[in-house]
Amino acid sequence: MKYFLLGLLMLKEMTVYQLKAMIAENFTAMCSDSMGSIQAALKNLLSNGLITCSAVTEKNVEKKYYRIKENGRKEFLLWLQNPMDMSQGKNTELGKLLFMGILPNDKRVELISAVIKNLESELTYLKRILEVNKDIEANKKELLDYYADNPDYTAALLRAGKSKNIAQSFSDIHKYEMLTAQHGADLVQFHIKWFKELQKKINAGLF
């Protein structure tokens, strides 16, 4: 959660509600959208001096905006530049598959069917994200206007990516956001295929 929030705040300052909405709409496969978890992580980032929080009144409503500090950017980039360890994605739910042989056959069939149904729902969610976000122009103007008003964010992104301009940075960021969603969809499709094959074998009496 820590680095996920720092990554989002690398792009722009946000309120806790904006962060929650961003995660809920796009990243629940990678990060919890629980308000409690987000608030606890923000509190930790504040106490470690990696972000700031400032109150702004908009239309008579006070909003608290969280903004990444320079040392927060440095810590995030140090983390980002380490190779991904794909073996760290430990899923304790696989324990249910590991010990499924303890259950009677009819219960195994029921559980495998439920797994497939849940995976198909997840695939629909990921495909929706890919469809909604495929048009790079949809959010481009809003973000470019934001960067025009926040030169510190512009400068930090240009330094981080060694980009020629902020439009190029935005394009690169968007490409990898889409790649991540596609990776998730491909992985879910693999799991659907795998569990459907298992379902066939169970129904054929091979398991």
Side-chain angles (χ1 to χ4, degrees), residues 1-12 14 16-38 41 76 79-80 82-140 142-143 169-207:
M1 176 69 82
K2 169 185 175 180
Y3 291 109
F4 205 91
L5 292 179
L6 284 176
L8 291 176
L9 294 175
M10 276 284 292
L11 304 179
K12 62 180 292 190
M14 296 189 214
V16 65
Y17 299 104
Q18 289 172 328
L19 286 165
K20 176 176 169 56
M22 179 74 74
I23 294 169
E25 291 170 13
N26 300 286
F27 309 120
T28 53
M30 294 179 285
C31 182
S32 169
D33 65 342
S34 157
M35 181 62 83
S37 297
I38 295 170
F76 174 76
W79 169 80
L80 187 60
N82 282 315
M84 288 181 284
D85 184 355
M86 300 304 288
S87 67
Q88 284 207 13
K90 294 177 176 62
N91 185 355
T92 55
E93 287 294 296
L94 281 174
K96 294 177 181 178
L97 178 63
L98 176 66
F99 298 113
M100 194 172 285
I102 294 171
L103 298 173
N105 192 66
D106 59 339
K107 190 63 179 178
R108 294 174 211 160
V109 171
E110 177 188 330
L111 290 170
I112 294 300
S113 295
V115 169
I116 293 168
K117 184 178 178 180
N118 289 338
L119 286 168
E120 288 175 337
S121 295
E122 178 70 9
L123 183 59
T124 299
Y125 164 76
L126 289 168
K127 284 183 174 180
R128 181 189 64 79
I129 291 174
L130 285 164
E131 182 63 29
V132 169
N133 294 295
K134 70 179 180 181
D135 182 9
I136 189 173
E137 299 298 327
N139 299 314
K140 186 175 181 179
E142 180 186 345
L143 272 175
S169 292
F170 179 80
S171 176
D172 291 342
I173 290 166
H174 181 264
K175 286 175 188 174
Y176 279 86
E177 287 174 344
M178 295 298 286
L179 277 172
T180 304
Q182 188 62 60
H183 173 270
D186 291 346
L187 198 58
V188 170
Q189 286 177 317
F190 166 78
H191 284 142
I192 290 171
K193 181 181 178 182
W194 193 92
F195 279 102
K196 282 187 173 180
E197 287 297 321
L198 175 58
Q199 187 180 51
K200 287 178 185 177
K201 290 175 181 177
I202 292 174
N203 289 334
L206 300 176
F207 272 88

Asker: Could you name each residue pair satisfying salt bridge (charged side-chain N to carboxylate O under 4.0 Å, His left out) that touches residues 96-106, not counting sequence neighbours?
Answerer: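 Qualifying pairs, neighbours excluded: E93-K96.
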Asker: Quick one: pull up CG in D33 and CE in M22 and give me the separation to the nearest 0.5 Å.
Answerer: 13.0 Å
Asker: Minimum heavy-atom separation for L5 to A41, with atom names?
Answerer: CD1-CB, 3.5 Å
Asker: What residues, two or more places apart in sequence or in another chain, satisfy salt bridge (charged side-chain N to carboxylate O under 4.0 Å, His left out) together with K201?
Answerer: none
Asker: Taking only residues two or more places apart in sequence or in another chain, which ones pass salt bridge (charged side-chain N to carboxylate O under 4.0 Å, His left out) with K2?
Answerer: E75
Asker: Between OH of Y125 and CG of N26, what distance do you get to the nearest 0.5 Å?
Answerer: 6.0 Å
Asker: Please evaluate residues L8 and F27 with respect to the criterion side chain to side chain contact (heavy atoms under 4.5 Å, CB included), reporting the C-alpha separation (whole Å), side-chain torsions for both, the decisive distance (0.1 Å), and the verdict.
Answerer: CA-CA 11 Å; L8 291 176; F27 309 120; 4.0 Å; yes
Asker: Distance from I192 atom CD1 to L187 atom CG, nearest 0.5 Å?
Answerer: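 Interatomic distance, I192 CD1 to L187 CG, rounded to 0.5 Å: 10.5 Å.
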Asker: Work out which heavy atom in L130 is nearest to a heavy atom in A181; give both atom names and the distance.
Answerer: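 Looks like CD2-CB, 3.6 Å.
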Asker: State, with a plain yes or no, whether a side-chain heavy atom of D172 is found less than 4.5 Å away from one of K175.
Answerer: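 Result yes, sub-4.5 Å side-chain heavy-atom pair found.
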Asker: Atom NE2 of H183 and atom OH of Y176: how far apart are they, to the nearest 0.5 Å?
Answerer: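 That separation rounds to 13.5 Å.
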Asker: For the residue pair W79 and F76, does the interplanar ring angle fall in the parallel (under 30°), tilted (30 to 60°) or perpendicular (over 60°) class?
Answerer: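 Rings of W79 and F76: tilted, as their planes differ by 30° to 60°.
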Asker: More than 12 foreign heavy atoms under 6.0 Å from OH of Y17: is that the case here?
Answerer: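 Open: at most 12 neighbouring heavy atoms sit under 6.0 Å from OH of Y17.
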Asker: Can you list everything that forms a side chain to side chain donor-acceptor pair (under 3.5 Å) with Q182? Sequence neighbours excluded, please.
Answerer: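 Only D186 meet the side chain to side chain donor-acceptor pair (under 3.5 Å) criterion with Q182.
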Asker: Which atom pair, heavy atoms only, marks the closest approach of L123 to A185?
Answerer: CD1-O, 3.7 Å
Asker: Sequence neighbours left out, what passes salt bridge (charged side-chain N to carboxylate O under 4.0 Å, His left out) with E110? Give chain and number order.
Answerer: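 Salt bridge (charged side-chain N to carboxylate O under 4.0 Å, His left out) list for E110, sorted by chain: K107.
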Asker: How close do M1 and S32 get, counting heavy atoms only, and between which atoms?
Answerer: CE-O, 3.3 Å
Asker: State the CZ-CE distance between R108 and M100, to the nearest 0.5 angstrom.
Answerer: 9.0 Å
Asker: First locate atom CG of L9, then atom CZ of F4, and finally report the distance between them rounded to the nearest 0.5 Å.
Answerer: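 Output value for this atom pair is 11.5 Å.
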Asker: In a table with atom names and distances, give each donor-acceptor pair under 3.5 Å that connects a side chain of residues 111-122 to protein atoms at least two apart or in another chain.
Answerer:
residue, atom, partner, partner atom, Å
S113, OG, V109, O, 3.0
S113, OG, Q199, NE2, 3.0
N118, ND2, A114, O, 3.4
E120, OE2, K196, NZ, 3.4
S121, OG, K117, O, 3.2

